[in-house]
Amino acid sequence: QVQLVESGGGLVQAGGSLRLSCAASGRTFSTYAMAWFRQGPGKEREFVAGIRWTGDSTYYADSVKGRFTISRDNAKNTVYLQMNSLKPEDTAVYYCASAAGWRTIIPAQTRGYDYWGQGTQVTVSS
């Protein structure tokens with residue numbers, strides 16, 4: 001089992017920045033990749049960004065490319081999402097997810113992940 005705890009959400013004005021953190025504990029040695037998803041009001045959960053646990057590969061949704069950066073600190077078992085130039089449409093609950101075992105690519109669908117955090121709210125005001 002892997003436990004994931006997100007933090008760093010909040011209220012920010014459009015154009016502002018936030019950094020989300022996801023602390024992982026438990027059987028993290030089996031982690032292949034970690035990712036951030038988000039779910040806006042009345043919307044399905046969507047992929048935002050993913051990173052291979054080795055740190056040598058990242059993948060972003062087109063909607064956040066150039067504005068968001070995913071990174072990890074293996075010593076702290078923590079993944080970060082730096083969000084810049086935030087827009088009102090970025091408002092959502094942001095979830096951290098972990099994929100265990102071997103994969104060939106960073107999954108971009110919810111079914112590709114085995115463990116989920118409880119989510120943290122990000123609200124961007126216009």
Quiz item: Is it true that atom NZ of K65 has more than 12 heavy atoms of other residues, nucleotides or ligands lying nearer than 6.0 Å?
Solution: yes
Quiz item: Is D90 salt-bridged to K87, going by a charged N under 4.0 Å from an acidic O?
Solution: no
Quiz item: Taking the six-membered ring where the residue is Trp, are the ring centres of W102 and Y32 under 6.0 Å apart?
Solution: yes
Quiz prompt | Donor-acceptor contact below 3.5 Å, side chain Y60 vs main chain I70 | solution = yes
Quiz prompt | For the student: nearest non-hydrogen atoms of R72 and T54, plus distance | solution = NH2-O, 2.9 Å
Exercise. Output the distance between atom CD (Q39) and atom CD (E46), rounded to the nearest 0.5 Å.
Key: 9.5 Å
Practice problem: Check for a donor-acceptor pair, side chain of R67 on one end and backbone N or O of S63 on the other, with a separation under 3.5 Å. | Solution: yes
Self-check item: V79 side chain reached by W36 side chain, heavy atoms, under 4.5 Å
Solution: yes
Self-check item: Single-linkage hydrophobic cluster, 4.5 Å side-chain cutoff, I51 and F68 together
Solution: yes
Quiz item: Between CE of M83 and OG1 of T69, what distance do you get to the nearest 0.5 Å?
Solution: 11.0 Å
Quiz item: Okay, side chain of R45, backbone of Q109: is any donor-acceptor separation there less than 3.5 Å?
Solution: no
Self-check item: Taking every non-hydrogen atom, the tightest pair across T104 and R52
Solution: O-NH2, 4.3 Å
Quiz item: For the hydrophobic clusters of this structure (ILVMFWY residues joined by side-chain heavy atoms under 4.5 Å, transitively), does one cluster hold both I106 and W116?
Solution: yes
Quiz item: Taking everything shown except R27 itself, do over 12 heavy atoms lie less than 6.0 Å from its CZ?
Solution: no
Quiz item: So do L81 and R38 actually touch side chain to side chain, heavy atoms under 4.5 Å?
Solution: no
Quiz item: Is there a donor-acceptor pair closer than 3.5 Å between any side-chain N or O of Y59 and the backbone N or O of A35?
Solution: no
Quiz item: Within the distance-only criterion (no hydrogens, no angle test), does the side chain of T91 pair as donor or acceptor with the backbone N or O of V124 below 3.5 angstrom?
Solution: yes
Exercise. Going by the side-chain contact (heavy atoms from CB on, under 4.5 Å) test, name the single residue among L4, T78, V2 that passes it with M34.
Key: L4
Quiz prompt | Heavy-atom pair of closest approach, residues L18 and G8 | solution = CD2-O, 3.9 Å
Quiz item: Can you name the nearest heavy-atom pair linking T28 to W53, along with the distance?
Solution: O-NE1, 4.4 Å
Quiz item: With distance as the sole test, does E6 use its side chain to make a donor-acceptor pair with the main-chain N or O of C96 at under 3.5 Å?
Solution: yes
Quiz prompt | Minimum heavy-atom distance S85-S17, with the two atoms named | solution = N-OG, 4.4 Å
Quiz prompt | Linked, directly or transitively: Y95 and Y115 (ILVMFWY side chains, under 4.5 Å) | solution = no
Quiz item: Would you call the rings of Y113 and F37 parallel, tilted or perpendicular if under 30° counts as parallel and over 60° as perpendicular?
Solution: perpendicular
